[in-house]
Protein chains: 2
Amino acid sequence: MGRRQAGRALARPVDAGGDGQAALRWARRDGGQVKTAHREAGGATVWDVARKAGVSAMTVSRVINGNTSVSVKNREKVMRAIGELNYEVNVAARAARIGTLRVGLLYSNPSEAFLSAFLVGALTECGQSGAHLILEHCDNLKSQRKAIDRLIDDGADGILVPPPLCDSKSALKMLAELGIPSVAVATARPSPQMSAVRIDDYEGALTMMRHLLALGHTDIGFIKGDPEHTPTQLRYQAFIDAMRGAGLDVPAERVAQGMFTYRSGLLAARELLGQATRPTAIFASNDDMAAAVIAVAHGMHLQVPDDLTVCGFDDTPVATTVWPELTTIHQPITDMARSAVALLIEHVRAQRSGHAYDRRHQLMPYTLVVRESTSGAE
Amino acid sequence: MGRRQAGRALARPVDAGGDGQAALRWARRDGGQVKTAHREAGGATVWDVARKAGVSAMTVSRVINGNTSVSVKNREKVMRAIGELNYEVNVAARAARIGTLRVGLLYSNPSEAFLSAFLVGALTECGQSGAHLILEHCDNLKSQRKAIDRLIDDGADGILVPPPLCDSKSALKMLAELGIPSVAVATARPSPQMSAVRIDDYEGALTMMRHLLALGHTDIGFIKGDPEHTPTQLRYQAFIDAMRGAGLDVPAERVAQGMFTYRSGLLAARELLGQATRPTAIFASNDDMAAAVIAVAHGMHLQVPDDLTVCGFDDTPVATTVWPELTTIHQPITDMARSAVALLIEHVRAQRSGHAYDRRHQLMPYTLVVRESTSGAE
DNA sequence: CTGAAAGCGCTTACAG
DNA sequence: CTGAAAGCGCTTACAG
């Protein structure tokens with residue numbers, strides 16, 4: 001859906017469809033005088049819509065903004081006119097009137113891959129709402145406070161909190177005390193105080209387990225993640241529940257503690273594969289650790305997946321960098337960021353117009369991505 | 001420098017300094033009536049500045065926009081008033097008048113690390129100019145055309161071209177034919193047809209060579225990059241020139257061809273280290289390949305840097321992920337993106353006001369980052 | 001070189 | 001439920 005608004009590149013060909021309207025508008029406003037500088041700005045305005053619908057610009061504005069006090073009849077007339085004229089609200093003009101909406105992003109140390117996927121999504125959504133995205137980095141507890149202050153000082157109307165900050169008690173507490181609208185992204189246990197967008201880590205891990213069980217594996221090892229991160233426990237619980245559900249035992253030596261890092265995955269893999277009998281599959285709770293499992297397996301001259309099935313979680317770039325590529329659970333980070341921005345804007349708008357706003361906890365769909373690192377137990 | 005404009009979070013404390021001005025303004029405009037909704041918007045306007053400077057708002061506008069036809073005396077008065085009132089232009093209002101500036105980013109497959117650093121920089125600069133960043137991805141030749149069309153259809157006024165697209169003849173040709181302002185980022189051989197922001201790859205590689213030579217290395221191996229990428233030749237040439245400059249020979253077996261990927265680095269390293277006599281240092285033309293060199297060295301039970309010095313180029317996240325961490329040349333991607341956006345906006349503004357615009361090729365400073373992977377030749 | 005006026009496209013009180 | 005008017009803060013012709 002292309003935007004048709006003022007201020008486009010001058011080199012653009014004239015939009016013949018909209019041009020008639022634009023000329024009409026100028027004629028009406030300027031008594032026939034045509035301003036060349038704006039001849040190409042073919043977008044319809046609220047006035048055009050109002051004229052076509054036979055109502056006032058105010059009513060059009062009310063419809064656009066979802067204001068309820070418009071008669072059904074008029075609302076329909078306006079909607080029809082909007083469709084016919086291909087009207088799109090000019091976000092710049094709106095911003096000039098009500099102030100630019102600023103979405104703050106408070107980030108600490110997510111992976112570069114997470115950050116870029118997140119930024120792409122957040123940016124897309126901000127662009128459509130005419131909101132600005134402002135960034136602030138912090139790396140330790142002390143700088144959290146400063147970063148939040150800077151964000152607010154720079155005019156942030158709401159704040160996005162991606163991992164690992166979304167699991168930081170201190171950061172969440174500060175935001176709650178300030179009372180600024182915030183949305184946590186990809187936390188497994190969202191605080192009731194703020195909105196959140198996440199996948200169901202438990203169901204995701206369960207889906208992966210069903211895949212492994214369906215392949216015929218009965219002796220499966222598991223590498224846990226950093227206990228400080230909220231998805232850790234849920235992914236582990238799903239592993240345990242799936243095994244029990246299949247009537248399978250989970251001996252203690254089949255579970256190793258990791259920290260979500262490659263290095264910790266190395267140690268955990270050596271532990272799991274150093275046993276007298278080896279599992280036929282290892283489920284690492286994230287991709288970095290799964291990649292480490294493959295490295296250790298290769299070091300022991302085990303073929304993946306022939307001698308050992310390996311799978312991860314998250315579907316980060318490392319999943320397709322290593323060989324063989326990892327079977328994993330895809331988290332739709334870009335979509336999650338978009339949703340988070342949408343939720344945040346909703347909240348800010350509600351707050352501005354004095355309405356109460358109920359925090360929302362939104363679940364996004366994950367996907368099982370089957371690649372080369374898993375195969376049937378022989 | 002905090003922004004003080006309308007539309008900030010309502011929960012913010014009132015800016016006492018600016019508030020007096022704001023009240024004054026409202027009083028003047030509304031005959032004493034104070035609009036609560038905007039009481040907190042403490043920013044000074046062109047009118048405030050004009051009043052303080054004893055000129056018209058037009059003159060203030062002229063000064064802000066760098067218009068030359070303002071007397072030196074008035075310009076100074078205005079500048080002083082701007083300083084005293086802490087005036088900052090309201091980008092939303094400007095956008096409402098002249099149209100929102102849209103900066104398009106056409107990207108194909110940069111690394112996630114590059115993309116996130118780039119986005120952070122581009123976003124920062126766009127935010128300060130009130131410009132919007134719009135993204136479009138393409139992965140093959142055919143989709144390039146489509147992606148560019150979509151960008152233009154979405155109202156992009158100019159286009160940012162990061163690697164590897166900045167080295168794609170077809171993409172550059174399309175952009176040139178369309179005549180849309182564009183800026184290439186991190187290409188080593190910028191086209192005279194468009195502006196570019198880059199580091200000096202030749203000088204950067206030379207700096208790394210001086211570091212190796214200063215450490216006492218005389219037998220140095222080199223891994224070349226993908227011949228399709230423009231920095232490849234320059235980095236290699238610097239290696240050759242530095243060796244010759246130091247009076248050292250470069251036997252053919254000391255140079256291996258890589259493709260900038262980890263996997264190609266693996267092969268190249270095996271080649272270089274499989275010789276009867278080994279070099280004491282290996283300079284890989286990027287970090288991914290340098291990381292592979294370390295892996296191969298470890299596989300051969302060589303200690304890095306004790307038995308082999310290794311260094312890379314670019315300072316991407318892998319440089320600090322591997323162990324030992326890599327000595328490398330840091331490319332300031334975030335700053336480069338900021339500069340690129342600034343250049344693009346300059347170009348678009350010039351074009352809009354009908355001025356000619358000379359393409360600019362901007363050089364950014366690189367940095368030699370010495371970490372653990374290099375040490376003196378024994 | 002300088003300014004008064006009109007306008008960008010939208011929304012906010014206000015009055016009906 | 002609806003509209004006329006004023007205004008967001010800035011810039012663009014136009015006239016001097």
Side-chain angles (χ1 to χ4, degrees), chain A residues 4-7 22 25-26 28-31 33-38 41 43-50 53-65 67-75 77-78 87-100 130 349 352-354, chain B residues 4-7 21-22 25-26 28-31 33-38 41 43-50 53-75 77-78 87-100 130 349 352-354:
Chain A
R4 301 274 167 209
Q5 295 176 358
R25 191 167 80 249
W26 287 115
R28 174 163 49 72
R29 296 253 183 101
D30 303 332
Q33 179 191 4
V34 173
K35 303 203 171 177
T36 40
H38 285 276
T45 72
V46 278
W47 296 95
D48 301 325
V49 175
V55 299
S56 73
M58 264 236 60
T59 299
V60 175
S61 176
R62 286 197 181 97
V63 171
I64 294 165
N65 292 289
N67 194 314
T68 43
S69 42
V70 176
S71 68
V72 177
K73 202 170 144 194
N74 274 347
R75 177 182 307 277
K77 281 201 277 188
V78 170
Y87 170 79
E88 285 181 48
V89 61
N90 179 328
V91 289
R94 170 185 282 168
R97 193 69 187 79
I98 67 174
T100 306
R349 291 242 167 92
R352 278 191 182 175
S353 47
Chain B
R4 300 276 167 207
Q5 295 176 357
Q21 280 300 330
R25 192 167 81 248
W26 286 116
R28 173 163 50 69
R29 296 252 183 100
D30 303 332
Q33 180 191 6
V34 173
K35 302 204 171 176
T36 40
H38 285 275
T45 72
V46 276
W47 296 95
D48 301 324
V49 175
V55 299
S56 72
M58 265 235 59
T59 299
V60 175
S61 176
R62 286 196 182 97
V63 171
I64 294 165
N65 292 289
N67 193 314
T68 42
S69 43
V70 176
S71 69
V72 177
K73 203 170 142 193
N74 272 348
R75 178 184 306 277
K77 281 200 276 187
V78 169
Y87 170 78
E88 285 180 48
V89 61
N90 178 329
V91 289
R94 172 185 281 167
R97 194 69 188 78
I98 67 176
T100 305
R349 292 244 166 90
R352 278 191 183 175
S353 47

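FYI, side chains are in, hydrogens and waters are out, and symmetry mates aren't considered; it's all heavy atoms of this structure. Just so it is clear, the structure is predicted and the values come from calculations on it, not from any experiment.
Paired with B:R75 under the rule side chain to side chain contact (heavy atoms under 4.5 Å, CB included), one option of B:V70, B:V55, B:T59 passes, and it is B:V70.
With contacts defined as side-chain heavy-atom distances shorter than 4.5 Å, the pair B:V46/B:Y87 qualifies. Residues B:D48 and B:T45 form a side-chain contact, since some pair of their non-hydrogen atoms from C-beta on lies under 4.5 Å apart.
A close approach under 4.0 Å does occur between a side-chain nitrogen or oxygen of A:N65 and OP1 or OP2 of C:dT11. For B:T45, no side-chain nitrogen or oxygen approaches OP1 or OP2 of D:dC8 to under 4.0 Å. The shortest distance between the side-chain N/O atoms of B:N74 and the OP1/OP2 oxygens of C:dT2 is below 4.0 Å. Considering only side-chain N and O atoms, A:R97 lies nowhere under 4.0 angstrom from the phosphate OP1 or OP2 of C:dT12. OP1 and OP2 of D:dC1 both lie 4.0 Å or more from every side-chain N or O belonging to A:T59. An OP1 or OP2 oxygen of D:dT11 is reached within less than 4.0 angstrom by a side-chain nitrogen or oxygen of B:S61.
In this structure, A:W47 atom CH2 and D:dG3 atom C1' are separated by 10 Å, rounded to whole Å. Remark: P of D:dG9 and CD1 of B:I64 are 13 Å apart, rounded to the nearest angstrom. Atom pair A:M58:CE and C:dT12:P shows a separation of 8 Å (rounding to whole Å applied). Across the protein-nucleic acid pair, B:R94 atom CZ and C:dG7 atom C1' stand 17 Å apart, rounded to whole Å. Counting to the nearest Å, the P atom of C:dA13 and the CD1 atom of A:I98 are 12 Å from each other. Summarising the geometry, the separation between NZ on A:K77 and C1' on D:dG3 is reported as 14 Å, rounded to the nearest angstrom.
Taking CD1 of B:I64 as the start and CZ of B:R62 as the end, the distance is 12.0 Å to the nearest 0.5 Å. The CG atom of A:N74 sits 11.5 Å away from atom OG of A:S69, with the distance rounded to the nearest 0.5 Å.
Taking the nucleotide of DNA chain C with the nearest heavy atom to each of A:V46 and B:S56, the more 5' of the two is matched to B:S56.
A donor-acceptor contact under 3.5 Å links the side chain of A:R62 to the base of D:dG3.
Annotation for A:A96 and B:A92: closest pair CB-O, 3.9 Å, computed over non-hydrogen atoms.
Shown here are the side chain to side chain donor-acceptor pair (under 3.5 Å) partners of B:R94, two or more places apart in sequence or in another chain: B:N65.
Comparing D:dG9, D:dT11, D:dG3 by their closest approach to the side chain of B:N90 singles out D:dG9.
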Output field dot_bracket for DNA chain C (Watson-Crick or G-U, both distances under 3.5 Å, | for other-strand pairs) contains |||.||||||||.|||

